[in-house]
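All figures in this text were calculated on a predicted structure; none of them were measured in a lab. Because only heavy atoms are used, hydrogens play no part in the values below, and waters and symmetry mates are left out as well, while side chains stay in.
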Amino acid sequence: MGRAEARRAQQQRGARRAPRGRAKGRGGQQGGKPAGIRRFFTWKKILGAFFGAVLLGMAALVGLYFYVDEPDPNADALTQNNVYKLADGTVIARVGKTNRQIVPIDKIPADVQTAFIAIENKSFYEDRGIDLKGIGRGLFNTVTGKGKAGGSTITQQYVKNFYLTQDQTATRKLKELIISLKVDQSKEKPEILAGYLNTNFYGRNAYGIQAAAQAYYGVDANKLTLEQGAYLAAVLQAPSQYDWATAGPNGKRLVMIRFNAVLDNMVEMGKLDAAKRKDMKFQEPIKPKALPGMEGQKGYLIQAADEELKRQTGMTEAQLKAGGWDITLTVDPKKQAALEKAVQDELESKLDRKGRAVDSAVQAGATSVDPKTGAIVAMYGGTGQSEQWASNALRKDFQPGSTFKPVVLASALETKASTRDGKPITPSSLYDGTSKRPVVGSDVPFSPQNQDDKDYGDPMMTVQDATNSSVNSVYAQMIVDVGPKKVKKTALQLGMVDRDGWPEDKPAMSLGTMSADTVEMAGVYATFDSHGKKITPSIIKSAKHASREFKPVRAVGDTAISRKTADTVTKVLTGVVKDGSGKAVRSSAYEAAGKTGTSESNYAAWFTGFTPELVTVVAMFGEEPVTHKQTTLTGTAGGGRAGGSSFPAAIWKEYTLAALGGVETGSFDLDEADMGKVQSPTASTTPSGTPSGSGSSQSPSGTPSGTPSKTPSKTPSGTPSGTPSGTPSGTPSKTPKPTASSSKSNTPKPPPPEEEPER
């Protein structure tokens, strides 16, 4: 073969190989090598970068280990005060002097020591001060939204309490890890455990286990039983939530889970005999004692401010108690004094707490709010923290009763709901007021009894009249017509809080069978008063700290319900004061709207009322002093049934007259209120042997009377009738109002408790 032929043959072979080479090129490679951006991300390079980063991280940790010294104890955090002032700048308390007595480890029973280890750090005696698995688990929980990062060992918690701060920052956490490793090397385990037990915050202003033993059980630390120690170990996670004296049902459930976990873990660790474990019982702590200087209402005001501060900043109780805050409250000293005096005059002076069992169980709470700003201007928490530790103004374990009914009406108006025969629900709509009348249209059977089993309306009555007399059968049917879930949605929009046990699909909700406190109910009624703008009551005017930021509550928010709805509800509630169960608070000194409420078995009694200038909620609760079980208020002060129109209404009136004394009070601006058209009877709504589902049509006498035809209300002697002839009961008079101080001497006495006409 000649040279020319050889070259041609070689070229032909190259041409045949070219397609294979190009095919490899399509995959991003040339000649078998990665091409483009892929050449930077080979497995070798990725693994190399990863291990390089690990080595750099380890080198950085080693460097930090030698760079970060074991600091001096964090004395500042233990000695700073929190300063609390009233709205006028008057200092009411300086809180923060540390209640602590250091005890050596040999003065703490061994099984109590083990109780803390069992729930906090079972590997305490084996680890090196940190728990990598626990840290990883805590980070995973944080990333996946299961809670804040946990996983801290006892050593880490001791380091945080003794050397560092409570700040939740990455820098502080890194220092905590490094110092924990150093402390574990320089100190013996018993010394670390003693430091941990002596520096923790246990609640009740108790720092350290000695103070905690005294605060919760009235004994020294060396006298603690295992059961008592197990509770202290359990309460440590959330002292304010788990304190048995103040905990709600959910808090008690959670702390009992932890209490049992302590003992069960000790069995698992081989530190407690299983048979002995079965015989162990929870030992309830003693009643808390008020701190020096926290007498009267001071402790309750500080309690309310602390709760708001923690809620707004996300701080823990321990972080707050570390001190350094300068807090000014919204509380007006004159209004505060007026509220305290009203409770004393209209309730406490009439009780025989030592000689009458029912009187010893009576608790009172109140909150007063400026509806224009949302500021809490006065608050009453109880007789004092030595007798009643938890503020009655903030307690959430009692039902608001019929004070919830205006929320049902607001939801009906806001959602444009209709009666069973398709007519819009308005204050002039007609319903059947027969007691024990079965509701129609509900999957859950319900036949509520009216107060004293009275039938109202013969049997049809307007919504206005049903509100005046708080007729259960009417509102039970109304909530079915609206839809319980829609009513709950409206309640939450108005500021109520969704808690465990809210019966969202049951018509019984109409009777206020959920739980609530006086602050949130004041917010609901303040929202009515502010023409539908959501009011979130706040007790903190300002709060300053060198290293923390406080963002005040947005007290006046966006529209929660329309002005038309809010104004209509307000107008209906003026009828309650003029001609209904709230007539005990009538006065020529102000125009008022309000609603009485009494919970099932008379366990609670409320009066929630407002003027254009002030919204005030007064509540009474029955709670046995020893067992803390809810009990009836019937028989209070030697009387009969203690409903919302009795003591709560009397307190409300005296306070409101004093708080508005000398002020030119105004009338409600209710131009958008719509009372609806007076309805006429139809065949479908004429009462018969079978309930119609809604009484919707009957024309009483052209206008609602405000008083049920079967059971006319009694008018106290000397009290003018509520409404002039021809004026609907829900329509407020527009005549000028004299000042609040002008009519106090002519104030009619409230009706006796047994005349309470509503549930």
For side-chain contact (heavy atoms from CB on, under 4.5 Å), just list the numbers for Val524 and Thr403, CA-CA rounded to whole Å, side-chain angles, deciding distance to a tenth of an Å, and then say yes or no. CA-CA 10 Å; Val524 169; Thr403 59; over 6 Å; no
Under 3.5 Å donor-acceptor, [X] side chain and [Y] backbone:
X      : Y      : result
Gln363 : Gly365 : no
Ser510 : Pro507 : yes
Ser601 : Tyr603 : no
Ser599 : Ala604 : yes
Asn392 : Ala364 : yes
Thr527 : Ile535 : yes
Gln464 : Val572 : yes
Trp325 : Leu309 : no
Thr656 : Lys653 : no
Asn468 : Val576 : yes

Regarding Tyr456 and Ser469, do their side chains bring together a donor and an acceptor under 3.5 Å, going by distance alone? no
Decide whether Ser402 and Lys405 meet the rule of one side-chain donor and one side-chain acceptor closer than 3.5 Å. yes
Look at [X] together with [Y] and state whether they make a salt bridge at an N to O cut-off of under 4.0 Å.
X      : Y      : result
Arg499 : Glu520 : yes
Lys485 : Asp505 : no
Lys486 : Glu414 : no

What verdict does the side chain to side chain donor-acceptor pair (under 3.5 Å) test give for Tyr431 and Asp465, after you've listed the backbone C-alpha separation in whole Å, the side-chain angles of each residue and the deciding distance to 0.1 Å? CA-CA 10 Å; Tyr431 274 92; Asp465 289 351; over 6 Å; no
First locate atom [atom1] of [X], then atom [atom2] of [Y], and finally report the distance between them rounded to the nearest 0.5 Å.
X      : Y      : atom1 : atom2 : value
Lys396 : Met514 : NZ    : CE    : 15.5 Å
Gln449 : Ser473 : CD    : OG    : 10.5 Å
Thr568 : Ile561 : OG1   : CD1   : 9.0 Å
Thr608 : Phe404 : OG1   : CZ    : 12.5 Å
Gln477 : Arg420 : CD    : CZ    : 6.0 Å
Leu301 : Thr330 : CG    : OG1   : 9.5 Å

Is the shortest heavy-atom distance from the side chain of [X] to the side chain of [Y] under 4.5 Å?
X      : Y      : value
Pro406 : Phe528 : yes
Ser538 : Ile376 : no
Met675 : Thr426 : no
Glu549 : Thr313 : no
Val553 : Gln312 : yes
Ser542 : Ile327 : no
Val519 : Leu394 : yes
Leu409 : Thr565 : no

Let me see the working for Glu348 and Lys341 under salt bridge (charged side-chain N to carboxylate O under 4.0 Å, His left out), right down to the final yes or no. CA-CA 10 Å; Glu348 291 296 332; Lys341 183 177 185 300; over 6 Å; no
Please check if atom [atom1] in [X] has more than 12 non-hydrogen atoms from other residues, nucleotides or ligands closer than 6.0 Å.
X      : atom1 : value
Lys310 : NZ    : yes
Lys489 : NZ    : no
Lys506 : NZ    : no

Let's go through Arg554 and Asp558 carefully: what are the C-alpha distance in whole Å and the side-chain angles of both, what is the deciding distance for salt bridge (charged side-chain N to carboxylate O under 4.0 Å, His left out) to 0.1 Å, and is it a yes or a no? CA-CA 10 Å; Arg554 188 184 174 206; Asp558 298 327; 2.8 Å; yes
Determine, stepwise, if the pair Tyr525 / Thr616 fulfils side chain to side chain donor-acceptor pair (under 3.5 Å). CA-CA 9 Å; Tyr525 279 68; Thr616 306; over 6 Å; no
Could you walk me through whether Tyr590 and Trp652 pass the ring-ring contact (aromatic ring centres under 6.0 Å, His included) test, one step at a time? CA-CA 13 Å; Tyr590 50 69; Trp652 188 95; 5.8 Å; yes
Arg563 vs Asp669, salt bridge (charged side-chain N to carboxylate O under 4.0 Å, His left out): CA-CA, chis, key distance, verdict: CA-CA 11 Å; Arg563 173 164 184 163; Asp669 177 14; 3.1 Å; yes
Asp498: which residues meet the salt bridge (charged side-chain N to carboxylate O under 4.0 Å, His left out) condition with it, sequence neighbours left out?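 Listed in chain order: Lys488.
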Under the rule for salt bridge (charged side-chain N to carboxylate O under 4.0 Å, His left out), what residues qualify as partners of Glu613, not counting sequence neighbours?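 If we apply the salt bridge (charged side-chain N to carboxylate O under 4.0 Å, His left out) test to Glu613, skipping adjacent residues, there are no hits.
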Going through the checks in order, is the side-chain contact (heavy atoms from CB on, under 4.5 Å) test met by Ile479 and Met509? CA-CA 8 Å; Ile479 200 171; Met509 187 205 305; 3.9 Å; yes
Pair Thr518, Tyr380 - check side-chain contact (heavy atoms from CB on, under 4.5 Å), show working. CA-CA 10 Å; Thr518 65; Tyr380 183 86; over 6 Å; no
Using the side chain to side chain donor-acceptor pair (under 3.5 Å) rule, take Ser428 and Thr462 through it: C-alpha gap first, then chi angles, then the decisive distance, then the call. CA-CA 5 Å; Ser428 297; Thr462 66; over 6 Å; no
Worked check of side chain to side chain donor-acceptor pair (under 3.5 Å) between His545 and Asp326: CA-CA 7 Å; His545 192 278; Asp326 189 318; over 6 Å; no
Run the ring-ring contact (aromatic ring centres under 6.0 Å, His included) test on Phe610 and Phe668 for me, step by step, so that the C-alpha distance in whole Å, both residues' side-chain angles and the decisive distance to 0.1 Å come before the verdict. CA-CA 10 Å; Phe610 56 101; Phe668 291 112; 5.5 Å; yes
Carefully, step by step, assess Leu511 and Phe446 under the rule side-chain contact (heavy atoms from CB on, under 4.5 Å). CA-CA 12 Å; Leu511 310 185; Phe446 190 47; 3.8 Å; yes
Any chance you could lay out the salt bridge (charged side-chain N to carboxylate O under 4.0 Å, His left out) test for Arg395 and Glu623, step after step, and finish with the verdict? CA-CA 12 Å; Arg395 67 185 310 160; Glu623 180 186 57; 2.8 Å; yes
